[in-house]
Amino acid sequence: MDNPEVILNIITGSLKLINILAIAGMAIGLFFTINKSRELQKKSDKLTRSLEEMDGQAKLIVRTDMELNKTQEELDKKISGLYALQRLSRSLSTTLEEGQIFRRITASCLEELGFEKACVLLWHEKENKFIIHLSIGYLENEGHIIKSFIDSEQDKYLDLIKKERAISSTLLQQDSQIDKNKLSHIFKVNSFVISPILPKEGKKGFLFVGTDNLDVAVTAGDEELITILTNQVGQAIENARLFETTWKAQQELEKKVEERTHELTLALEEVKKNSKRKTDFISSVSHELRTPLTSIKGYAAILLEEKLGKLPAPVKERLAKINLHSDELVQMVNGLLDIARIESGRAVMKMEAQDLKDIVDKTADLIMIQCKNKNVELVTDLKGKLPAVTGDRTQLERVFINLLGNAVKFTPEKGKITIRAQVKNNEVQVDISDTGIGIPPDALQSLFQEFYRVDNDVNQQVKGTGLGLSLVKHIIEAHKGKIWIESSLGKGSTFSFTLPLMK
Amino acid sequence: MYISVGLSTEKDPAMAAKEAARLAISNMHTEKTDLAIVFSSIDLAYPVTLKMLSSSLAHTPIIGASGAAIITNQGVFKHGLAVMLLSFPTGVSLNTAYTKDIKAKTSLNAGRELGNKLLSGFRDMRRVISVIFSDGLMDDGSNFIYGLQERLGKSFPLAGASASDNMRFTRTYTFFNQEIFSDGSSGMILGGRLNFGLGIKHGWNALGKPRIVTKAAGNIVYEIDDRPAVKIYEGYLNRNILELKKELKRISVLYPIGIYLSGEEEYLLRNILSIEDDGSMRLHGNIAEGSSIRLMIGTKESCLNATQQATEEAKKALYGQIAPLEKRKQRNFALVFNSTSRYMLLKKDSDKEVDIIKEGLGSETPFIGLYTYGEQAPLQAVSYQGQAYFHNQTIAILAFGG
């Protein structure tokens with residue numbers, strides 16, 4: 001071991017070994033480093049790849065989002081347009097005045113439809129020109145420019161109205177006679193829709209709507225929307241016109257009715273005045289007549305009683321006639337006075353509860369003698385127990401006596417008179433029927449007039465005042481009742497009247 | 001502090017101005033009015049409106065802007081004019097200013113000018129916040145903010161709204177006293193004993209893989225992942241450049257570009273104003289080269305969630321600054337700057353946003369707001385030091401109390 005060579009050898013060998021080991025170590029190190037960098041590279045590749053993938057996904061997201069937004073926007077626009085149209089339609093349908101129709105189209109409505117400018121031009125046939133009825137978004141002088149432009153090309157626009165179709169800047173065909181660019185320039189818009197307004201009758205024209213927004217392109221949907229709007233406007237104009245006509249007619253009618261009512265009122269007043277004058281006249285004349293009549297009757301009576309000396313038979317006979325006729329005259333005057341009193345309301349009616357059966361029995365008794373003399377049957381047919389009526393006893397008796405007297409007078413021998421009474425709708429209806437000669441239809445109307453007498457044989461033979469039925473009518477009406485006649489010639493007549501029940 | 005709001009939906013601008021002013025005045029329980037903030041729908045934004053307002057309000061300083069719609073406690077109004085009158089307690093200071101002809105001056109210079117004007121006479125006071133309204137069609141709004149911040153300080157709280165019109169992108173207006181103008185900006189700076197809380201959220205979520213802006217300048221992005229910028233939309237939406245151009249407004253609202261900002265909860269959104277034939281895209285606000293971006297997607301639900309979060313954030317930020325809890329009984333008011341994109345997305349559900357804000361702030365807190373073509377507000381992550389950025393698609397709620 002002491003040998004330096006050996007030592008040297010060992011050292012050299014060791015060094016070699018170390019060298020070898022070092023090289024091996026380095027190789028191993030290198031091996032690991034290469035490995036690590038490969039791994040890193042892999043990772044980096046992976047990262048780049050996922051980044052690219054992520055970017056690809058981002059593209060997908062953006063594109064989908066873009067489409068979604070666009071659809072959403074279009075949908076929003078359409079919905080808000082439809083809402084605006086619906087509101088406008090409602091408002092238009094309630095407009096009945098032509099002047100108001102275009103005022104309903106407001107700037108805010110228009111904005112919701114996607115436009116900010118609008119014009120309505122209607123063709124005035126009489127003046128032979130277009131007139132602006134609505135202008136939104138234009139100054140006055142701009143309106144003048146538009147007006148003169150349309151005037152210069154009025155044939156084209158009249159043609160457009162005739163074609164009854166809307167046009168728009170997007171869908172306007174190249175060969176159309178309307179120059180899109182010129183129109184856009186005059187109306188100061190980028191896109192527009194023109195739609196004709198076509199009421200069935202009256203002024204036709206067109207609605208122009210437009211926007212200067214460069215981002216907005218008018219679609220077929222817009223065209224449809226505006227067409228619907230102009231249809232509504234046309235309908236509204238039509239409605240307004242119809243309403244105007246109806247309204248005017250009604251106004252005229254009302255005016256006529258008013259005039260006629262006024263005339264009638266005046267006439268009625270005149271009639272009332274006349275009637276009062278007549279009543280007053282009759283009343284005063286009757287009074288005036290009564291005094292001399294009483295004298296005549298008095299003197300005739302004195303003479304007849306021969307208190308002033310004996311009278312020859314022919315004189316007596318004439319005097320008796322004077323007496324008789326004077327009585328008739330007194331009766332007539334009294335009748336007239338009664339009518340006048342009742343008419344003028346001067347007659348005092350003592351309105352009390354009356355038993356109708358009592359009155360009927362009493363008057364029937366009175367008339368019975370006449371009936372027997374003439375061999376006429378008198379029947380009373382009162383349905384059950386009649387409730388009390390309101391009336392004046394004396395006056396009601398007069399009604400019955402007059403009507404029954406007439407019945408006997410006009411009923412031939414072996415005839416029959418029937419008195420019926422029954423309750424009907426809160427009143428009592430009395431019918432007095434006879435089997436008499438009847439009344440001709442043309443006489444029925446005048447029957448209740450004073451001094452009217454039907455022209456027949458009976459009346460020619462039997463005297464009468466012609467006041468009886470008139471008096472009856474006045475009495476019944478003073479009782480708030482009604483009186484009427486049904487009659488057929490040769491068969492008989494029925495006089496019916498009503499009286500109110502006692503409350 | 002006294003606050004009152006007057007709202008009119010009259011069709012005639014002069015009548016609307018008269019009515020809104022009358023209502024606001026009648027609700028105000030003090031003679032002293034310091035400021036009127038006015039928001040108007042575009043159909044009422046006329047010189048006569050401002051003239052009538054100014055004379056009705058006895059020449060109280062007015063700032064405001066036009067919008068696609070206005071917002072009040074009563075809801076969203078597509079046609080309307082809202083006036084908020086404010087009377088601040090002693091210890092609160094205010095200055096209003098304006099700038100015009102931004103295009104001629106360049107946005108950067110106009111921003112600087114507005115900054116200078118706002119600060120004049122305000123140097124020694126404790127400044128709290130600046131609120132500005134500017135033309136919504138300004139091409140490089142980011143530069144305007146940049147210029148403004150050069151003067152006001154990069155981390156000074158700044159909130160703003162870009163005026164809008166009826167989504168036609170034709171003309172927008174800002175109001176200053178009795179004037180109304182396009183291509184300008186009006187604003188105010190508030191200082192002293194006043195606290196505010198700002199919440200800003202959009203609710204859009206990132207989708208797809210992150211991409212890098214490889215070539216951009218200002219508000220134009222030329223290349224994304226070394227390919228023409230428009231390819232990203234062509235790929236995701238499966239539409240060619242022509243189709244994309246045609247549907248740009250919708251696409252831009254629904255799927256804006258989101259810029260990743262480290263530490264921020266939400267991505268910063270950018271709408272696309274136009275697609276050029278070379279495949280580049282003009283954005284509504286600047287974008288930096290090297291930004292990590294993603295395609296964003298939003299839903300009505302996520303939109304409304306954002307409203308709630310923004311309200312909560314504003315409330316928390318405001319109340320967090322007030323020490324004793326009893327002080328919560330003080331009068332608060334809020335301004336709402338809401339993106340027109342959200343209006344387009346939510347449509348009829350826009351009123352739900354109002355309900356959410358009302359519920360969040362409490363029914364007794366009056367607020368008015370408008371729909372904007374861009375919102376300006378600070379970012380919250382510490383690394384941004386509260387610097388204001390130009391936002392798209394957000395709802396910004398700015399609550400005040402003091």
Side-chain angles (χ1 to χ4, degrees), chain A residues 44 47-84 103 106-112 114-117 135-140 170 188-191 210-217, chain B residues 9 11-12 41-43 46 68-69 77-80 165-170 204-211 225 231-239 243-258 294-300 302-303 341 344-350:
Chain A
S44 153
L47 211 64
T48 312
R49 216 170 34 247
S50 33
L51 211 58
E52 287 301 330
E53 269 171 25
M54 190 182 84
D55 210 41
Q57 284 163 359
K59 281 175 187 168
L60 213 67
I61 291 170
V62 173
R63 284 169 201 172
T64 317
D65 189 64
M66 179 95 184
E67 286 314 311
L68 211 69
N69 267 310
K70 222 171 151 180
T71 318
Q72 180 77 44
E73 229 167 76
E74 275 165 22
L75 209 67
D76 280 353
K77 194 182 152 198
K78 211 154 237 180
I79 287 171
S80 89
L82 279 172
Y83 270 124
R103 258 173 247 167
T106 59
S108 61
C109 275
L110 200 66
E111 204 175 296
E112 279 172 71
F115 302 95
E116 73 277 339
K117 295 189 176 190
S135 160
I136 295 175
Y138 293 108
L139 299 171
E140 207 173 308
T170 319
K188 295 193 165 163
V189 293
N190 180 53
S191 45
T211 173
D212 59 7
N213 191 344
L214 288 161
D215 305 319
V216 176
Chain B
T9 54
K11 296 258 182 307
D12 179 72
S41 60
I42 196 78
D43 59 338
Y46 286 99
F77 297 89
K78 212 169 170 182
H79 307 283
D165 62 4
N166 50 349
M167 319 292 282
R168 305 286 154 79
F169 297 90
T170 343
W204 261 254
N205 297 309
L207 194 75
K209 64 177 184 186
R211 292 155 193 277
D225 286 347
K231 292 281 171 205
I232 174 175
Y233 280 98
E234 284 183 0
Y236 277 116
L237 295 170
N238 196 24
R239 277 168 168 73
E243 289 167 329
L244 285 174
K245 275 185 181 180
K246 218 168 142 192
E247 287 183 85
L248 184 64
K249 211 183 264 180
R250 180 194 281 116
I251 291 168
S252 165
V253 167
L254 293 174
Y255 318 106
I257 282 178
R294 290 177 80 177
L295 190 80
M296 305 295 285
I297 188 167
T299 62
K300 284 188 184 183
S302 69
C303 220
S341 305
M344 270 172 79
L345 184 77
L346 287 174
K347 292 202 184 71
K348 282 190 181 127
D349 291 330
S350 298

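This is a predicted model, so every value here is computed, not measured.
Contact of B/K246 with chain A is not made at all, since no heavy-atom distance falls under 4.5 Å. In this structure, chain B has a heavy atom under 4.5 Å from the side chain of A/E67, while its backbone stays farther away. Using a 4.5 Å cut-off between heavy atoms, A/Q72 makes no contact with chain B at all. In this structure, the portions of B/L237 lying under 4.5 Å from any heavy atom of chain A include both its backbone and its side chain. Interface residue B/L295: only side-chain heavy atoms are found under 4.5 Å from chain A. The contact between B/K249 and chain A is made entirely by side chain atoms (from C-beta outward), counting heavy-atom distances below 4.5 Å.
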* **Candidate pair A/Q57 and B/L207, rule side-chain contact (heavy atoms from CB on, under 4.5 Å), full reasoning** => CA-CA 9 Å; A/Q57 284 163 359; B/L207 194 75; over 6 Å; no
* **Worked check of side-chain contact (heavy atoms from CB on, under 4.5 Å) between B/Y255 and A/M66** => CA-CA 9 Å; B/Y255 318 106; A/M66 179 95 184; 3.4 Å; yes
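B/D225 meets the side-chain contact (heavy atoms from CB on, under 4.5 Å) test with B/R211, B/I212; sequence neighbours excluded. For A/E73, the side-chain contact (heavy atoms from CB on, under 4.5 Å) partners two or more places apart in sequence, or in a different chain, are B/R250, B/K347.
A heavy-atom distance below 4.5 Å is not found between the side chains of B/H79 and A/S108.
Of the listed residues (B/N238, B/I297, B/L254), the greatest number of heavy-atom pairs within a distance under 4.5 Å of chain A belongs to B/N238. Counting heavy-atom pairs closer than 4.5 Å to chain B, the top-ranked of the candidates A/L60, A/D76, A/D212 is A/D212.
Other residues, nucleotides and ligands place more than 12 heavy atoms under 6.0 Å from the OH atom of B/Y236. Within 6.0 Å of NZ on A/K77 lie more than 12 heavy atoms contributed by other residues, nucleotides or ligands.
One finds the CG atom of A/N69 at 11.0 Å from the CD atom of B/E247 (value rounded to the nearest 0.5 Å). To the nearest 0.5 Å, atom CE of residue A/M54 and atom NZ of residue B/K209 are 9.0 Å apart. The line from CZ of B/R168 to CD of A/E116 is 4.5 Å long, rounded to the nearest 0.5 Å.
A/R63 and B/G235 make their closest contact through NH2-O, 2.7 Å (heavy atoms, listed as atom of the first residue, atom of the second, distance).
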